[in-house]
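Remember, it's 1-based here, ligands and their atoms both numbered in the order they're listed.
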Amino acid sequence: MDSKMLSEKPVGVVGAGSFGTAIANILAEKSKVLLYARNESVVDHIEKKGISSGQLLHENVSGSNELEEIASKCDIIFPIVPSSNFRSLIKDFSEYLHPYHILIHGTKGLDVSIQDETQESTKLNRNQVRTMSEIIQDESLVVRVGCLAGPNLARELADKQPAATVVASHFDEVIQAGIRLLRNDRFQVYGSQDLIGVELCGVLKNIIAIASGALSGMGYGENARALLISRGMVEMIYLGRALGGNTEAFIGLAGVGDLVATCSSTLSRNFTVGYRLAQGENLQQITDSMDETAEGINTIRIAKKLTNFYKVRAPILEMLHKVLFENLTVEEALQYLMKYPLNVDIDFL
Ligand SMILES: NC(=O)C1=CN([C@@H]2O[C@H](COP(=O)(O)OP(=O)(O)OC[C@H]3O[C@@H](n4cnc5c(N)ncnc54)[C@H](OP(=O)(O)O)[C@@H]3O)[C@@H](O)[C@H]2O)C=CC1
Ligand SMILES: O=C(CO)COP(=O)(O)O
């Protein structure tokens, strides 16, 4: 099929936040797109004003408030909602989903399947923590799942700046569908078979992005950021491998690529959380005043328990956990990290 031709069936996007909207617009360059929002007034806004999450929509995008409509009209669907709502969304969606559907999610968070997980004493292991592709498989009949991850700050995509992403799946046809639907002259799409590794890259880099924002909030410069990014990547690799990912994913576009983008941009919500913490606000003040999702906060809680369980050394994560949840100051955390006894640079290959 000519890459400029419209696909016959519309493509579904579920979640009309910043990233869901940006992806809907990219998809709309080649296909009709049905963009699902749970709130009728948002769909009304999409239909009447052609705007979603502050982004002007391509003429090929229409709104829908019906999951049944999305499932019946679209074979390929991109669920892009925060991880905190992902399982309940897929549960609601599952009665309409069939094995012929392909789902490629864009969510960068984790789900915990036990009830009292927020308790400090609760232990977590890999079986109790699910990635979004695992949730789709747990809760629906869909087999062909994939994810979309990479340095994809929604605002930059919306501004039509050049970028690239990774579509990961165990199924080659899912990767090929992602490439066919998303790729255009300014958006490159790479494929990977390491679904779990690529999902974990998108999840774990948010931890380091919060730390990077904190360094900037303290007024520190690029030497400090480079130190954080490189040591942060080592922590991501250790934890990522303990959870089932391969090292290669972390040194690719979805790993170091997204890590650099998110750690360097004030457009990142996670970076912004760290910045504001370093400027003296507490976590409650920050989350109360943020409209959008900073997945890294919840990920830090979950990842800390996983590093305890798997005995993974992750000093940056440990210090961030203390800053977010135990009132350690950013300055104190930094002092601790600078005294941390390490002397081997690369010990993960
Ligand atoms: N923004 C970015 O630059 C990027 C974000 N991501 C990831 O994408 C995911 C979504 O983030 P983003 O798009 O920024 O979202 P936002 O933080 O902008 O907003 C969340 C959106 O999800 C919608 N939503 C929540 N629950 C449901 C549900 N059950 N059904 C339908 N819609 C729902 C909300 O709708 P409502 O208005 O009704 O609450 C809202 O539109 C996150 O995991 C994020 O990490 C990935 C790459 C880039
Ligand atoms: O994942 C992102 C860019 O790739 C977006 O990061 P934030 O969620 O921190 O805004």
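Each of the atoms 3 (O) of ligand 1 lies under 4.0 Å from some heavy atom of L153. Below 4.0 Å from some heavy atom of T107 lie the following atoms of ligand 1, by number and element: 43 (O). Taking every heavy atom of G106 and a limit of under 4.0 angstrom, the matching atoms of ligand 1 come to 6 (N), 7 (C), 8 (O), 46 (C). The contact set between ligand 1 and G17, taken as ligand atoms under 4.0 Å from a residue heavy atom, comprises 13 (O), 15 (O), 18 (O), 19 (O), 21 (C), 41 (O). Near A154, meaning under 4.0 Å from one of its heavy atoms, ligand 1 places the atoms 1 (N), 2 (C), 3 (O). Listed by number with element, the atoms of ligand 1 under 4.0 Å from a non-hydrogen atom of G20 are 13 (O). Residue-ligand proximity, Y36 to ligand 1, at heavy-atom distances under 4.0 Å covers atoms 30 (N), 31 (C).
Residue N152 touches ligand 1 through its backbone alone, judged by heavy-atom distances below 4.0 Å. Contacts with ligand 1 closer than 4.0 Å are made by heavy atoms of both the backbone and the side chain of E292. Of the heavy atoms in N270, both backbone and side-chain atoms come closer than 4.0 Å to ligand 2. With a 4.0 Å heavy-atom cut-off, ligand 1 is reached by the side chain of R269 but not by its N, CA, C or O. Heavy atoms of K108 found under 4.0 angstrom from ligand 2 belong exclusively to the side chain. Residue A16 touches ligand 1 through its backbone alone, judged by heavy-atom distances below 4.0 Å.
In terms of polar-atom proximity, E295 is counted as a contact of ligand 1, with an N or O under 3.5 Å from an N or O of the ligand. Residue F19 places at least one N or O, backbone or side chain, under 3.5 Å from an N or O of ligand 1. By the 3.5 Å distance cut-off applied to N or O atoms, S83 is not counted among the residues near ligand 1. Residue N206 has no nitrogen or oxygen atom sitting less than 3.5 Å from a nitrogen or oxygen atom of ligand 1, judged on distance alone. For S53, no nitrogen or oxygen atom sits less than 3.5 Å from a nitrogen or oxygen atom of ligand 1, counting backbone and side chain alike. Considering backbone and side-chain atoms together, R38 places an N or O closer than 3.5 Å to an N or O of ligand 1. The shortest N or O to N or O distance between K205 and ligand 2 is under 3.5 Å. Remark: ligand 2 and P151 share no N or O pair separated by less than 3.5 Å (distance only, no angle test).
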Begin with the C-alpha distance, continue with both residues' side-chain angles, and end with the deciding distance and a verdict on side chain to side chain contact (heavy atoms under 4.5 Å, CB included) for L97 and L67.
CA-CA 9 Å; L97 292 171; L67 287 172; over 6 Å; no
Given the rule in the side-chain hydrogen bond (donor to acceptor under 3.5 Å, both in side chains) test, do S268 and N270 qualify, once you have shown the distances and angles that lead to the verdict?
CA-CA 5 Å; S268 155; N270 289 289; 4.6 Å; no
Check step by step if side chain to side chain contact (heavy atoms under 4.5 Å, CB included) holds for S52 and H45.
CA-CA 7 Å; S52 169; H45 203 66; over 6 Å; no
Worked verdict on R87 versus R130 for side chain to side chain contact (heavy atoms under 4.5 Å, CB included)
CA-CA 10 Å; R87 187 180 288 276; R130 309 301 274 162; 3.4 Å; yes
Stepwise side chain to side chain contact (heavy atoms under 4.5 Å, CB included) test for F19 and T107
CA-CA 9 Å; F19 191 49; T107 299; over 6 Å; no
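Atom CG of N327 has 12 or fewer heavy atoms from other residues, nucleotides or ligands within 6.0 Å. Within 6.0 Å of atom OH in Y238, more than 12 heavy atoms from other residues, nucleotides or ligands are found, so the atom counts as buried in its surroundings. More than 12 heavy-atom neighbours from other residues, nucleotides or ligands sit within 6.0 angstrom of CD on E326. Other residues, nucleotides and ligands contribute more than 12 heavy atoms inside 6.0 Å of the CG atom of D159.
Nearest protein neighbour of atom 4 (O) of ligand 2, counting heavy atoms only, is D258 OD1, 2.7 Å. Shortest contact from atom 17 (O) of ligand 1 to any protein heavy atom: T293 OG1, 2.7 Å. Counting only heavy atoms of the protein, atom 32 (N) of ligand 1 lies nearest to V81 CG1, 3.6 Å. Nearest protein heavy-atom contact of atom 8 (O) of ligand 2 is R269 NH2, 3.0 Å. The single protein non-hydrogen atom nearest to atom 22 (O) of ligand 1 is P82 CD, 3.3 Å, given as residue, atom name and distance. Counting only heavy atoms of the protein, atom 25 (C) of ligand 1 lies nearest to N85 ND2, 3.3 Å.
In this structure, the side chain of Q128 engages the main chain of N125 through a donor-acceptor pair within 3.5 Å.
Closest approach of A71 and Y100 over heavy atoms only: O-OH, 4.4 Å.
N152 and T165 share a side-chain donor-acceptor pair at under 3.5 Å. Side-chain atoms of Q55 and T21 form no donor-acceptor pair, as typed in the model, at a separation below 3.5 Å. Side-chain contact of T307 with E318: a donor-acceptor pair under 3.5 Å is absent, judged by distance alone. Under 3.5 Å, the side chains of R241 and T247 contain a donor-acceptor pair of N or O atoms.
Note on K73 versus E66: no salt bridge recorded, every NZ/NE/NH1/NH2 to OD/OE distance being 4.0 Å or above. Contact check on R186 versus E29 returns a salt bridge, with a Lys/Arg side-chain nitrogen under 4.0 Å from an Asp/Glu carboxylate oxygen. The pair R276-E281 counts as a salt bridge, with a side-chain nitrogen and a carboxylate oxygen less than 4.0 angstrom apart.
The shortest separation from a heavy atom of G150 to ligand 2 is under 4.0 Å, placing the residue in contact. Contact annotation: A37 has no heavy atom less than 4.0 Å from any atom of ligand 1. Within the structure, the closest approach of V14 to ligand 1 does not fall below 4.0 Å when heavy atoms are considered.
Protein heavy atoms all stay at least 4.0 Å away from atom 37 (O) of ligand 1.
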